[in-house]
Amino acid sequence: GMFNYSKCLFIVFLFISNNIVAQGGDLLFQQYNRGPGLDESYSKWSLYVGPEINRINATLSTSSPTLTIGALIHLEYRLSKTVGLVTGANYTPISYSFPILDSLGKHRLKYISIPLFLRVHPTKKVSLNFGALYNLYLKGTKIVSFEDTETISPYEEGVFSNSFGFVVQAGYHFWQQFYGYVNYRWAKKTSPLTQAETNNSKGLQLGLTYTFWSSSKR
């Protein structure tokens, strides 16, 4: 289930940071860290939260996305001043519409996404993220609109399911504790050929986060 996966991911995250980085981290980031301002202090751990606006579409030729609002809580562990690992949880609703004969159909799908990102800080203000997502499907609804009537029906289990995805992110830090960013996100999961619905999606996300806790500077 969701919690088992989160626990497993966090153990992997700690294993990577403690074992691999402890042995090879200094060597790995030695070249990258030869830059100005290395004497500046930074926090090893940071926790941040914020809203996220999603414009994510299914990979269907006839579908068009609608904006949804989600939220996230993320934890960053700095391997060095310029490189970190990020994990946490995103609540990501996805909504898109498509034509059905003389009606309009809409899917509203809800996911919890678990990220594992490598975050690079080329400057004090700019961050670049690259990483993977595991999307845990919560529930989905199909809405069919015809003239003034609307039919809402929940999807049964097995139509939509968990999926893997990837994210590329660029962001900007301001006022010390705030961070604004844009994501390009895509997810893939093979569905049966007989199924009209797809688990594949791609799109953009805009977010703003606030760092509400950091470890003492080092």
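We count residues from 1, following the sequence as given. Given the structure is predicted, the values throughout are model-derived calculations rather than measurements.
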Visitor: Starting at OG of Ser46, measure out to CZ of Arg119 and round the result to the nearest 0.5 Å.
Guide: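 With rounding to 0.5 Å, OG (Ser46) is 8.5 Å from CZ (Arg119).
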
Visitor: If two hydrophobic side chains count as joined below 4.5 Å and joins carry through other members, does Ile94 share a cluster with Ile152?
Guide: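 Different hydrophobic clusters.
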
Visitor: I'd like to know whether Asn199 forms a side-chain contact (heavy atoms from CB on, under 4.5 Å) with Ser161, so could you lay out the CA-CA distance, the side-chain angles of the two residues, the decisive distance to 0.1 Å, and finally the verdict.
Guide: CA-CA 7 Å; Asn199 281 282; Ser161 53; 3.9 Å; yes

Visitor: Find out if a path of hydrophobic residues (ILVMFWY) with successive side-chain heavy-atom gaps under 4.5 Å connects Ile56 to Tyr155.
Guide: yes

Visitor: Do any side-chain atoms of residues 203-217 form donor-acceptor pairs under 3.5 angstrom with protein atoms, and if so which ones, sequence neighbours left out?
Guide:
unit_1	atom_1	unit_2	atom_2	d
Gln205	OE1	Asn183	ND2	3.1
Gln205	NE2	Glu52	OE1	3.3
Gln205	NE2	Asn54	OD1	2.8
Ser215	OG	Lys44	N	3.2
Ser215	OG	Trp45	N	3.0

Visitor: Transitively linked via ILVMFWY side-chain contacts under 4.5 Å: Leu128 with Val182?
Guide: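 Leu128 and Val182: separate clusters.
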
Visitor: Considering non-hydrogen atoms only, spot the tightest contact between Ala170 and Tyr179 and give its length.
Guide: C-OH, 4.2 Å

Visitor: Side chains of Lys106 and Ser145: does their closest heavy-atom pair fall under 4.5 Å?
Guide: no

Visitor: Locate the shortest heavy-atom distance separating Ser163 from Ala187; write the atom from each residue and the value.
Guide: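 Shortest heavy-atom contact: OG-CB, 3.8 Å.
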
Visitor: Between Ser43 and Arg78, does a side-chain contact (heavy atoms from CB on, under 4.5 Å) hold up when you go through it step by step?
Guide: CA-CA 7 Å; Ser43 298; Arg78 288 279 187 107; over 6 Å; no

Visitor: His107 and Tyr96: side-chain donor and acceptor closer than 3.5 Å?
Guide: yes

Visitor: Can you measure from OG (Ser95) to CD1 (Ile143) and round to the nearest 0.5 angstrom?
Guide: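 Reported value, rounded in 0.5 Å steps: 7.0 Å.
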
Visitor: Between Ile114 and Gly88, what is the shortest heavy-atom contact and its length?
Guide: CG2-O, 3.6 Å

Visitor: Are side-chain heavy atoms of Val83 and Leu118 found at a separation under 4.5 Å?
Guide: yes

Visitor: Check whether any side-chain N or O of Ser201 sits under 3.5 Å from a backbone N or O of Asn57 as a donor-acceptor pair, and report yes or no.
Guide: no

Visitor: Is there a donor-acceptor pair under 3.5 Å between the side chain of Ser63 and the backbone N or O of Leu60?
Guide: yes

Visitor: After noting the C-alpha distance and the side-chain angles of Glu76 and Leu85, does the key distance pass the side-chain contact (heavy atoms from CB on, under 4.5 Å) rule?
Guide: CA-CA 6 Å; Glu76 180 180 7; Leu85 288 174; over 6 Å; no

Visitor: Hydrophobic clustering (ILVMFWY, side-chain heavy atoms < 4.5 Å, transitive) - are Phe146 and Ile100 grouped together?
Guide: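 In one cluster: no.
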
Visitor: If you apply the rule side chain to side chain donor-acceptor pair (under 3.5 Å), what do you find for His74 with Thr87, and how did you get there?
Guide: CA-CA 6 Å; His74 281 184; Thr87 189; over 6 Å; no

Visitor: Do Thr82 and His121 have side-chain atoms, one donor and one acceptor, less than 3.5 Å apart?
Guide: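 No donor-acceptor contact under 3.5 Å links the two side chains.
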
Visitor: For the OG1 atom of Thr68 and the NZ atom of Lys110, what is their distance to the nearest 0.5 Å?
Guide: 10.5 Å

Visitor: Indicate whether any N or O donor in one side chain lies under 3.5 Å from an N or O acceptor in the other, for Arg185 and Asn135.
Guide: yes

Visitor: Let me confirm one number: the NZ-CD distance from Lys142 to Glu197, rounded to the nearest 0.5 Å.
Guide: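 That separation rounds to 6.0 Å.
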
Visitor: Using 0.5 Å steps for rounding, measure from the CD1 atom of Ile112 to the CG atom of Leu133.
Guide: 12.0 Å

Visitor: Is there a donor-acceptor pair under 3.5 Å between the side chain of Thr92 and the backbone N or O of Tyr111?
Guide: no

Visitor: Which atoms form the tightest heavy-atom contact between Leu104 and Ser97, and what is the distance?
Guide: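 Looking at all heavy atoms of both residues, the shortest contact is CD1-CB, 4.2 Å.
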
Visitor: Set out, in order, the CA-CA distance, both residues' side-chain angles and the distance that settles side-chain contact (heavy atoms from CB on, under 4.5 Å) for Tyr48 and Val86, then state yes or no.
Guide: CA-CA 11 Å; Tyr48 52 92; Val86 176; 3.5 Å; yes

Visitor: Determine, using the 4.5 Å side-chain heavy-atom cutoff (strictly less than), whether Ile53 and Trp186 are members of one ILVMFWY cluster.
Guide: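 No; tracing contacts between hydrophobic side chains, which count when under 4.5 Å, never links both residues.
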
Visitor: List, by chain and number, the other hydrophobic cluster members for Tyr42, where Ile, Leu, Val, Met, Phe, Trp and Tyr join if side-chain heavy atoms come within less than 4.5 Å, directly or indirectly.
Guide: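 Besides Tyr42, the cluster holds no residue at all.
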
Visitor: Using ring centroids (six-membered ring only for Trp), state whether Tyr172 and Tyr181 fall under 6.0 Å.
Guide: no

Visitor: Kindly give the heavy-atom pair with the smallest separation between Asn200 and Thr198, and that separation in Å.
Guide: N-OG1, 3.0 Å

Visitor: Is the distance from the ring center of Phe130 to that of Phe117 below 6.0 Å?
Guide: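 For Phe130 and Phe117, the ring centres are not under 6.0 Å apart.
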
Visitor: Once rounded to the nearest 0.5 Å, what's the spacing between atom CZ of Phe174 and atom NZ of Lys125?
Guide: 9.5 Å

Visitor: Report yes or no: does Tyr137 contribute a side-chain atom to a donor-acceptor pair with the main-chain N or O of Gly140 at less than 3.5 Å?
Guide: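 Present.
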
